[in-house]
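Worksheet: the structure to be examined is printed underneath.
Note that this is a predicted model, so its numbers are computed, not measured.
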Amino acid sequence: MTNVDDLPCSCGNGYDFEAKMAQMELEFQQKKQQEEQEFSLPLPQRIQSKNWKCRKSALDEISTKIISLSEFNEDIFKLFPKMTQDTHQGNLEFAIELIINFFKIQIQIPHEHQHVLNETLKNLIEKGYSALKPAIKEKSKDAIVKCCEHLTSMDSLCDIISNLIDTKNQKLIQAAVSISTLLLSLFGSSAFT
């Protein structure tokens with residue numbers, strides 16, 4: 001039997017370990033610098049970042065701003081549709097909580113921002129209410145109800161639900177029918193044309 005220390009090394013003399021380490025260190029520093037630059041971008045760009053940690057930092061900043069709100073803030077409100085499209089489950093759940101907190105302040109939504117509310121509703125049904133995670137689904141239900149309370153007309157909501165049913169996606173159809181039943185029980189059929 002041969003001693004392991006006596007076996008020849010197959011890496012040869014051509015491999016420059018120190019050069020490889022220097023290259024890896026340089027790549028690490030470049031990535032770190034790029035991440036720092038990304039974290040210093042304006043809020044609308046950070047909320048759309050590919051880096052989930054960057055999006056989380058943007059959500060944290062939005063949370064701080066929502067806590068101190070006393071009147072309608074257009075800049076924050078316009079971010080709701082992007083917030084509700086997050087693919088990271090933790091970020092999505094936190095974003096939905098922020099929307100609920102925003103509506104708890106009892107701020108009147110100006111009529112010219114109804115399209116943002118409609119887009120947020122659509123995303124909440126598609127991404128949140130049809131999610132597999134029960135906590136996201138439950139929070140989405142609360143957020144959808146809060147959004148509906150601020151709609152000037154339920155016609156746009158009916159269009160959203162109708163379009164989701166037409167998608168032929170079973171998960172979206174089930175979510176649309178389920179949320180329709182809930183909204184009818186809460187608001188009554190007279191709220192819908």
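Proximity of Phe77 to Leu117: side-chain heavy atoms (C-beta onward) are separated by under 4.5 Å at one or more points. Asp159 has its side chain out of reach of Asn118: every pair of non-hydrogen atoms, C-beta onward, lies at least 4.5 Å apart. Taking 4.5 Å as the limit, every side-chain heavy atom of Leu121 sits out of range of all side-chain heavy atoms of Phe80. Using a 4.5 Å cut-off on side-chain heavy atoms (C-beta onward), Phe72 and Gln108 make no contact. Leu59 places a side-chain heavy atom less than 4.5 Å from the side chain of Met83. Thr167 has its side chain out of reach of Asn163: every pair of non-hydrogen atoms, C-beta onward, lies at least 4.5 Å apart. A heavy-atom distance below 4.5 Å is not found between the side chains of Tyr129 and Ile136. Put simply, the side chain of Phe39 reaches to within 4.5 Å of the side chain of Lys53, judged on heavy atoms.
Hydrophobic cluster membership differs between Leu41 and Leu43, with clusters built from Ile, Leu, Val, Met, Phe, Trp and Tyr side chains linked at under 4.5 angstrom. Under the 4.5 Å side-chain contact rule for hydrophobic residues, Trp52 and Ile62 do not share a cluster.
When the side chain to side chain donor-acceptor pair (under 3.5 Å) test is applied to Ser49, the partners found at least two apart in sequence or on another chain are Glu38.
Here the CD1 atom belonging to Ile144 is positioned 7.0 Å from the CG atom belonging to Leu183, to the nearest 0.5 angstrom. From Ser156, atom OG reaches atom NZ of Lys122 across 13.0 Å, with rounding to the nearest 0.5 Å. The CG atom of Leu69 sits 4.5 Å away from atom CD1 of Ile105, with the distance rounded to the nearest 0.5 Å. Here the OG-CG distance, from Ser130 to Asn169, works out to 7.5 Å after rounding to the nearest 0.5 Å. Distance check: Ser140 OG to Ile96 CD1 gives 3.0 Å after rounding to the nearest 0.5 Å. One finds the CG atom of Asp155 at 11.0 Å from the CD1 atom of Ile160 (value rounded to the nearest 0.5 Å).
The side chain to side chain donor-acceptor pair (under 3.5 Å) contacts involving residues 63-74 comprise Glu74-Lys78, where partners must be two or more places apart or lie in separate chains.
A donor-acceptor distance shorter than 3.5 angstrom exists from the side chain of Gln114 to the backbone of His150, with no hydrogens or angles considered. Side-chain atoms of Asn91 do not come within 3.5 Å of backbone N or O of Asp86 as any donor-acceptor pair. Between the side chain of His113 and the backbone N or O of Val116, no donor-acceptor pair lies under 3.5 Å. Between the Ser162 side chain and the Cys158 main chain, no donor and acceptor come within less than 3.5 Å of each other. Side-chain N or O atoms of Arg55 include one that pairs as donor or acceptor with a backbone N or O of Lys50 at under 3.5 Å.
A salt bridge links Lys141 to Glu138: at least one charged side-chain nitrogen sits closer than 4.0 Å to a carboxylate oxygen.
A donor-acceptor contact closer than 3.5 angstrom links the side chains of Gln23 and Glu27.
Smallest separation of non-hydrogen atoms from Leu124 and Cys147: CD1-SG, 4.0 Å. Scanning both residues, Arg46 and Cys54, for their nearest heavy atoms gives CG-SG, 3.5 Å. The two residues Asp60 and Phe94 make their nearest non-hydrogen contact at OD1-CE2, 3.4 Å.
Within 6.0 Å of CD in Glu18 there are 12 or fewer heavy atoms belonging to other residues, nucleotides or ligands. For Gln174, the CD atom counts as loosely surrounded, since its 6.0 Å shell holds 12 or fewer non-hydrogen atoms of other residues, nucleotides or ligands. The 12-atom threshold is exceeded at NZ of Lys137, counting heavy atoms of other residues, nucleotides or ligands nearer than 6.0 Å.
A salt bridge (Lys or Arg N to Asp or Glu O under 4.0 Å) with Glu93 is found for one member of Lys139, Lys127, Lys56 and no other, namely Lys139.
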Next item on the list: Step by step, work out the side-chain contact (heavy atoms from CB on, under 4.5 Å) result for Phe187 and Glu149.
Entry: CA-CA 9 Å; Phe187 297 104; Glu149 290 172 352; 4.0 Å; yes
_One pair to check against side-chain contact (heavy atoms from CB on, under 4.5 Å): Thr120 and Ile99. What are the steps and the verdict?_
CA-CA 9 Å; Thr120 303; Ile99 292 169; 4.0 Å; yes
Determine, step by step, whether Val145 and Leu182 satisfy the side-chain contact (heavy atoms from CB on, under 4.5 Å) criterion, reporting the C-alpha distance in whole Å, the side-chain angles of both residues, the deciding distance to 0.1 Å, and the verdict. CA-CA 9 Å; Val145 170; Leu182 173 74; 4.2 Å; yes
